[in-house]
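As structure tokens, the structure follows; a few thoughts come after it.
In what follows, every chain begins at residue 1, and chains take the letters A, B, ... in the order their sequences are listed. Source: prediction; values computed, not measured. Side-chain atoms are counted along with the backbone in the values below, which use heavy atoms only and exclude waters and symmetry mates.
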Protein chains: 2
Amino acid sequence: MGYVASSAASGLATGRTRTIGVLAPYVSRWFFSRAIEGVDIELHAQNYNLMLINLGGYGTSRSRLFEHTMLRKQIDALVVLCLAMHPSELEHLHRVEIPLVSVGPVEGFHGVSIDDYEATQVATNYLIGLGHRRIAQLQGVEADEMNFEVPKLRNRAFEATMLAAGLELRPEWELVGDFTFASGVRAAAWLFESGTERPTAIFCASDEMALGVLAEARRRGIRVPEELSILGIDDHEFSAAAGLSTIWQDPVAQGQSAASMLLKRLDGDEAAIRTVTAPYTLLQRETTASPRRSR
Amino acid sequence: MGYVASSAASGLATGRTRTIGVLAPYVSRWFFSRAIEGVDIELHAQNYNLMLINLGGYGTSRSRLFEHTMLRKQIDALVVLCLAMHPSELEHLHRVEIPLVSVGPVEGFHGVSIDDYEATQVATNYLIGLGHRRIAQLQGVEADEMNFEVPKLRNRAFEATMLAAGLELRPEWELVGDFTFASGVRAAAWLFESGTERPTAIFCASDEMALGVLAEARRRGIRVPEELSILGIDDHEFSAAAGLSTIWQDPVAQGQSAASMLLKRLDGDEAAIRTVTAPYTLLQRETTASPRRSR
DNA sequence: CTGTTAGCGCCTTCAG
DNA sequence: CTGAAGGCGCTAACAG
């Protein structure tokens with residue numbers, strides 16, 4: 001007859017809230033919003049609620065979050081979307097007794113994530129295999145507050161792979177962005193105007209940046225891939241339609257998988273939580289080709 | 001000493017949860033994720049929690065949501081992100097006794113939103129004022145489940161404005177997309193290949209679609225704006241860097257404002273909730289120009 | 001197997 | 001102004 005139990009009362013009586021928290025550094029960036037969606041799909045299916053806990057850039061004291069929402073028993077478990085934390089915060093999370101799983105690499109916790117190092121190796125070797133020798137990198141750097149593991153891994157993997165192939169890392173081809181489209185545009189504009197010898201390919205640490213580079217190249221009439229190959233990583237929703245070659249990964253599935261482990265754990269399966277390596281695939285589309293074509 | 005109250009207990013005792021629900025049709029589309037971010041900023045500042053209630057496309061029964069989460073007193077108030085609902089759902093929302101505010105137009109409720117009709121008029125008149133006579137429209141249509149007001153408003157405003165200016169609406173220039181980048185690419189490809197006379201300008205009902213049209217035009221070497229002007233609406237985060245002319249609006253601020261009204265209302269201000277018209281502005285960037293330039 | 005009762009932990013009220 | 005007690009609505013354990 002339209003009656004529904006009060007969750008506060010049942011929560012008080014049982015100690016369980018049927019709510020899972022999602023700790024996210026951003027809500028509106030591609031990877032994060034997709035991962036949230038994935039978590040939501042799973043929770044939805046099992047009648048759990050999703051509490052969004054945004055550590056977002058708007059200068060709020062993160063500490064309050066950690067002390068308040070978490071421990072207040074408002075959530076039965078927590079999904080942490082890849083972000084690196086201060087040791088004190090990590091300690092806090094360890095102290096909290098609720099099950100925890102990360103999406104993306106988070107030191108010291110189980111989680112689901114692709115092998116970013118390996119994926120970047122594959123990307124770099126693909127470019128090298130195509131015959132490129134003059135390869136630039138557009139790496140991503142986060143505001144230190146949200147200091148992720150991912151950019152570091154991708155950067156290290158790129159450089160190691162280049163060196164292993166005996167190729168040089170020219171300083172003027174080491175571009176830096178912040179994972180946004182705009183920073184890709186800026187980096188490309190700088191590269192095209194700097195008067196330095198142009199690379200034949202550029203590896204970008206995210207599709208958003210790669211799309212920026214592509215847009216700027218096209219705007220200037222630079223032919224892609226004839227004059228410049230562009231390779232991204234992530235497979236952003238714009239990438240297929242833009243023809244961007246990239247390394248695909250599926251954050252929705254990753255979020256779903258993380259939530260699923262948590263739910264199983266809450267159902268009593270002690271062994272449910274483990275570290276899962278998510279798949280990735282190189283997608284050759286239209287922005288990469290052998291440099292020979294250019295002559 | 002590290003003690004924090006149990007929210008279930010205090011919620012039970014007081015009847016208030018310090019949690020606000022956000023009902024969203026999508027999480028990872030630009031407008032929605034930004035609006036969620038805006039709501040979050042405000043809630044964060046006032047120590048409220050945010051419960052994400054996604055009506056997402058993954059075929060879950062919406063009804064359960066309405067009956068469960070809402071009435072379960074898990075939330076003190078609700079933000080509805082623009083989505084049209086079945087009359088039964090609307091009725092449900094009216095029945096729920098908690099304060100409710102929408103972001104974007106939702107029939108029968110107070111909310112904050114731009115005047116989509118007027119904004120589209122401004123956009124269309126801007127193109128006309130530039131001297132364009134052959135103007136195409138790429139309208140957005142949603143899967144009916146999520147049948148919004150916005151696409152209809154924008155479509156009607158475009159057509160009315162064209163007619164008022166004595167311009168014709170050629171059927172082959174009435175393109176349809178689904179608000180995604182990919183649909184913009186597809187529509188543009190169709191237009192360029194169809195062999196019909198090409199319009200000198202195209203108005204797109206969202207920036208995501210406009211960016212798709214722009215990418216496809218540039219890919220084919222069609223000069224923008226010399227041969228084709230492209231105008232969007234929204235000011236997506238990629239737009240500035242891509243040079244896309246558009247109508248700017250700020251969903252973050254809209255979400256923030258909605259949350260703020262709700263919070264005031266919960267603080268006892270009976271008159272806090274009203275309908276607010278959000279600002280918009282025409283941004284002339286590089287994708288629009290007078291058609292004369294083309295000769 | 002069904003019906004009853006004692007808390008869950010906090011807030012608020014009322015008495016001291 | 002400080003302190004004790006009842007009850008918010010449910011669940012789980014226990015008794016019948």
Side-chain angles (χ1 to χ4, degrees), chain A residues 1-21 23 43-53 61 63-78 92-100 259 262-270 272, chain B residues 1-21 23 43-53 61 63-78 92-100 259 262-270 272:
Chain A
M1 318 155 41
Y3 165 84
V4 264
S6 145
S7 61
S10 78
L12 181 55
T14 59
R16 307 168 99 273
T17 59
R18 284 198 89 78
T19 298
I20 303 273
L23 197 56
L43 298 187
H44 217 290
Q46 310 230 20
N47 279 304
Y48 266 77
N49 296 113
L50 160 15
M51 184 155 283
L52 221 204
I53 309 168
S61 65
S63 57
R64 179 186 286 143
L65 266 282
F66 279 86
E67 273 134 42
H68 253 250
T69 317
M70 317 251 120
L71 301 174
R72 274 199 115 201
K73 298 175 189 169
Q74 306 207 82
I75 55 180
D76 295 340
L78 184 66
H92 223 114
L93 289 181
H94 273 119
R95 200 104 46 88
V96 178
E97 289 294 308
I98 60 177
L100 192 160
L262 246 20
L263 259 21
K264 280 193 194 123
R265 180 58 233 275
L266 291 176
D267 266 358
D269 180 354
E270 298 281 334
Chain B
M1 316 153 42
Y3 166 82
V4 263
S6 145
S7 61
S10 75
L12 181 55
T14 59
R16 307 169 99 274
T17 59
R18 284 198 88 80
T19 298
I20 303 274
L23 196 57
L43 297 187
H44 217 291
Q46 310 230 20
N47 279 304
Y48 267 76
N49 295 113
L50 160 15
M51 183 155 282
L52 220 203
I53 309 169
S61 65
S63 57
R64 180 186 285 143
L65 265 282
F66 279 84
E67 274 135 42
H68 254 251
T69 318
M70 317 249 122
L71 302 174
R72 275 199 116 200
K73 298 176 188 166
Q74 306 207 79
I75 55 181
D76 295 340
L78 184 65
H92 224 115
L93 289 182
H94 274 118
R95 200 104 45 91
V96 179
E97 289 293 307
I98 60 177
L100 192 161
L262 246 20
L263 261 19
K264 281 193 194 122
R265 178 59 232 275
L266 291 177
D267 267 357
D269 180 353
E270 298 283 332

Which heavy atom of [X] sits nearest a heavy atom of [Y], and at what distance?
{"X": "Gly11(A)", "Y": "Ala8(B)", "value": "C-CB, 4.1 Å"}
{"X": "Gly21(B)", "Y": "Ile53(B)", "value": "CA-CD1, 4.3 Å"}
{"X": "Thr19(B)", "Y": "Gln74(B)", "value": "CB-O, 3.6 Å"}

At 10 degrees resolution, what angle do the end axes of the helix from dC1(C)-dG16(D) to dG16(C)-dC1(D) form when each is taken over five base pairs?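 That helix gives 50° between its end axes.
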Any donor and acceptor pair, going by atom type alone, linking the side chain of Asp269(B) with main-chain N or O of Lys264(B) inside 3.5 Å?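 No, Asp269(B) side chain to Lys264(B) backbone: no donor-acceptor pair under 3.5 Å.
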Please report the C-alpha distance between Asn47(A) and Arg18(A) in whole Å, then the side-chain angles of each, then the deciding distance to 0.1 Å, and finally whether the side chain to side chain contact (heavy atoms under 4.5 Å, CB included) criterion is met. CA-CA 8 Å; Asn47(A) 279 304; Arg18(A) 284 198 89 78; 4.0 Å; yes
So, using side chain to side chain contact (heavy atoms under 4.5 Å, CB included) as the criterion, who are the partners of Leu100(A) when residues are at least two apart?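 Once residues adjacent in sequence are excluded, the partners of Leu100(A) under the side chain to side chain contact (heavy atoms under 4.5 Å, CB included) criterion are Leu78(A), Val80(A), Leu93(A), Phe109(A).
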Tell me every residue that passes side chain to side chain contact (heavy atoms under 4.5 Å, CB included) with Leu43(B), counting only those two or more places apart in sequence or in another chain.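 With sequence neighbours excluded, Leu43(B) shows a side chain to side chain contact (heavy atoms under 4.5 Å, CB included) to Ile20(B), Val39(B), Tyr48(B), Leu50(B), Ala259(B), Leu263(B), given in chain and number order.
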What is the distance, to the nearest angstrom, from the CD atom on Gln74(B) to the P atom on dC10(D)?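 That distance rounds to 13 Å.
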Using whole Å, what does the distance between atom P of nucleotide dT12(C) and atom CZ of Arg16(B) come to?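 These atoms are roughly 10 Å apart.
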Taking the side chain as every heavy atom from C-beta outward, state whether Leu266(B) and Arg16(B) have any atom pair closer than 4.5 Å.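 Contact flag for Leu266(B)/Arg16(B) side chains = yes.
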Anything under 3.5 Å between a protein N or O and an N or O of nucleotides 6-10 of chain C, put it in a table, one pair a line.
| from | atom 1 | to | atom 2 | distance (Å) |
| --- | --- | --- | --- | --- |
| dC10(C) | OP1 | Tyr3(B) | OH | 2.3 |
| dC10(C) | OP1 | Ser6(B) | N | 3.3 |
| dC10(C) | OP2 | Tyr3(B) | OH | 3.3 |
| dC10(C) | O5' | Tyr3(B) | OH | 3.4 |

